[in-house]
Amino acid sequence: MLFYMWAVSKQASDTIEMLAYGDPITGGKNDNYFRMVAKNVMGENSSIPYLVARFDVANFRYINEAYGHIRADELLTIIVKESGKIFTGREICTRMDSDQFVLLARNDQEFGAKFDEMTSVINDKARDIGIMFPIRLKLGIYPIRKEDTDISVIIDHANAARKSLVGDEKVLSAIYSDKIVQKMYVEEKIESEMEEALRNGEFKVFIQPKWDIANDCIYGGEALVRWIKEDGSMVYPDQFIPVFERNGFIEKLDLYMLEEVCRRLRQLIDDDRMIFPISVNQSRILIHNPDYINQVAKIIKRYRIPNGYVELEVTETVFLDERKLMISTMNRLKAMELSISMDDFGSGYSSLNMLRSVSVDVLKLDMRFLEIKDTEEEKGIGILESVVNMARQMQLPIIVEGVENQKQESFLLRMGCRYSQGYYYYRPMPIADFENLLKNVNNLDKDGIWCKRVEALRMNEFLDRNIFSDTLLNNILGPAAFYDMYENNIRITRVNNQYYDLLGGNSKAVESDNPNKSDFLLHVNAEDREKILRIFKLAEENQNGEATEYIHFVRMDGKMLWVRLTVHFLRVQEGHRIYYGSLLDLTDLQEKKETADT
């Protein structure tokens, strides 16, 4: 009886402890446990330097949506387990919430190497469970000082350093500093004033004209927000935009800007003035608003804006990180006959797959994305030429923004890129000044944006780096190839470096050892060849132009790989059918599945 009572009491105690200190998602400890341990360590080891770090998984939302919440939770569990193997002794790492973690570690020279090792192991383990997306951890560090006693304040400081990391993830760590504190004060002031500023109309619409290089005139403009206070002082966009994107206020601001643009267009129409297309930036946050489409529709309907005069700009990363949701949203916007442009094209991991599956009307490329140095000018120019030609092949108009001098303009014109935008032509200006520009008919291009189609490519032109550069092809994630199908023969016309890796050798080895390298069917197990022919034909028949199949792929050394092949139909050319294909090696996963089944 006493033993039974003890067992029941212990079980109740364990349950209470789990609720108080356990993390049900990872099976590890939680934030409460971390605070207790950290406080004890700080008190017991005052002579040993420690730090507290806050980190999260960059683009975790993409991983959650692409791989499902079960596998995403497995990733969180991996992080807790692997951190516990590398940070040992009195060091501890726990999950706080979502993909947010807090770490107590020795503040010594080994910390950076240990954190890099942990990140590397996490990536390896993530691939083991089928997550191929690279895992990047955004890290904020606060070195604990002797006078620090409040663990909550310490954690907040580390979090402030983490939150200071914004942008394209080139920088993945930050150390708490007075500069970050000052930035926090500025951001807190911005947040305290933003609602009133919106009510008072302090957010002004500025327009930067878009330029038709060929006709040397304006053909439209981009709406940009400027925050001008009642006393005439200005809060700069690089100060308030990141804050609004983090706290969600950007949603209100973007819809406000859209309405202001539509209001001014309606005024011009009512005054019998000429109007031109205006593009308005739309944040990624908006597409998660279930009422977003209705809100846009109400604004367009309220001001009776004719089709083609409002263009919505969305950055490329949204198409990548929110692909399914974005495609659905865009289809609904397109049904309203609104134009969509992909901004900052080339700044992420663009691929032919994405351009085929998303319905955009215009691509915008920033000259600064190239960052051409004197020693790399040829490489940079090759990339830009390839993007422009690829867009023209798909009949997508392309605008290059950030043009700052005549040399850049002349280069774009020689390349056949007709539209541009930048300080070389006009800086952003109040909308009234832009309207005054439109009064001069000689400033205007009335034809609107269009795309001149290049002549159809012949097969040998796929090898021409001026059409599709090696750099661009090799930047496509994963093994990829172009195929030429004639009757029942499939010939490989171009591959990237990752494709050679899949074959098990470099380009010289593959080409010297395999005289039939261009015959794709020879790389496929004989039993799967009918399956291959079927999916190539199915890709042409399907409305989305693609088809997927799992096949046995034969390496140079004879090893059989289990591969997922996704084929995209491009066009028919002189009786030949041209395809683009991407491959994903699933051999390790298949072998583990078979082992588990036995």
Side-chain angles (χ1 to χ4, degrees), residues 23 25-35 37-38 41-42 49-64 67 71-127 131 133-144 148 151-177 179-181 183-184 242 245-246 321:
D23 176 15
I25 300 296
T26 66
K29 299 298 184 181
N30 65 10
D31 176 38
N32 293 331
Y33 186 81
F34 176 88
R35 292 170 187 270
V37 171
V41 171
M42 288 167 57
Y50 276 86
L51 61 82
V52 166
R54 284 284 306 269
F55 67 90
D56 63 8
V57 180
N59 294 311
F60 184 72
R61 180 185 294 169
Y62 168 81
I63 294 170
N64 213 342
Y67 297 98
R71 210 174 300 182
D73 287 351
E74 288 182 45
L75 173 62
L76 300 178
T77 303
I78 288 170
I79 293 173
V80 169
K81 287 183 177 179
E82 298 308 320
S83 65
K85 295 176 184 177
I86 293 172
F87 293 97
T88 57
R90 301 297 280 168
E91 298 174 316
I92 182 174
C93 179
T94 66
R95 190 180 76 95
M96 297 190 72
D97 55 62
S98 184
D99 64 319
Q100 304 283 328
F101 294 83
V102 61
L103 167 67
L104 176 73
R106 284 177 175 265
N107 187 8
D108 54 29
Q109 294 181 345
E110 295 181 2
F111 173 75
K114 289 166 71 174
F115 195 85
D116 289 344
E117 179 188 357
M118 182 185 80
T119 304
S120 177
V121 173
I122 289 168
N123 272 275
D124 291 340
K125 297 292 184 180
R127 285 190 288 271
I131 297 179
F133 191 79
I135 307 302
R136 298 182 178 89
L137 304 178
K138 299 175 70 173
L139 174 70
I141 299 169
Y142 177 76
I144 300 175
D148 291 325
I151 188 62
S152 294
V153 172
I154 292 171
I155 292 173
D156 287 344
H157 287 345
N159 196 39
R162 179 191 64 83
K163 290 170 68 175
S164 72
L165 297 168
V166 295
D168 55 8
E169 299 170 18
K170 289 181 180 178
V171 179
L172 291 172
S173 64
I175 299 175
Y176 182 84
S177 65
K179 185 177 180 180
I180 287 177
V181 175
K183 185 179 178 182
M184 285 177 58
E245 287 178 339
R246 283 200 299 270
D321 297 344

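In this text, all values refer to a predicted model and were calculated from it rather than measured experimentally. Count residues from 1 along the sequence.
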For this session: Among L139, D56, V80, find the one that has a side chain to side chain contact (heavy atoms under 4.5 Å, CB included) with F101.
Result: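 Output: one option passes, namely V80.
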When I78, I25, T26 are each screened for side chain to side chain contact (heavy atoms under 4.5 Å, CB included) with D73, the one that passes is I25
Do [X] and [Y] have side chains that approach each other closer than 4.5 Å (heavy atoms only, starting at C-beta)?
X	Y	result
V37	T94	no
T119	I122	no
I155	Y142	no
D116	S120	no
M118	F87	yes
V52	I144	yes
L103	F111	yes
I131	E74	no

Quick check for you: to the nearest 0.5 Å, what is the distance between [X] atom [atom1] and [Y] atom [atom2]?
X	Y	atom1	atom2	result
M96	N30	CE	CG	9.5 Å
F115	I141	CZ	CD1	7.5 Å
Y176	M184	OH	CE	6.0 Å
N159	S164	CG	OG	10.0 Å
R106	Y50	CZ	OH	4.5 Å
L76	S98	CG	OG	7.5 Å

Strictly below 4.0 Å, N to O, side chains only: are K114 and E117 in salt-bridge contact?
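No, this pair does not count.
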Which atoms form the tightest heavy-atom contact between [X] and [Y], and what is the distance?
X	Y	value
Y67	F133	OH-N, 3.3 Å
I175	A161	C-CB, 4.1 Å
R95	D97	NH1-C, 3.4 Å
L104	A38	CD2-CA, 3.9 Å
L75	A126	CD1-CB, 4.1 Å
K29	D23	O-CB, 3.7 Å

Got more than 12 heavy atoms from elsewhere within 6.0 Å of NZ, K81?
no
Does [X] use its side chain to pair, donor to acceptor, with the backbone of [Y] at less than 3.5 Å?
X	Y	answer
E82	I79	no
N123	I135	yes
Q100	R54	no
D99	V57	yes

Could you go step by step and tell me if K85 and V121 meet the side chain to side chain contact (heavy atoms under 4.5 Å, CB included) rule? CA-CA 10 Å; K85 295 176 184 177; V121 173; over 6 Å; no
query = Under 3.5 Å, is there a donor-acceptor pair linking the side chains of N32 and R35?
reply =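 Side chains of N32 and R35: no pair found under 3.5 Å.
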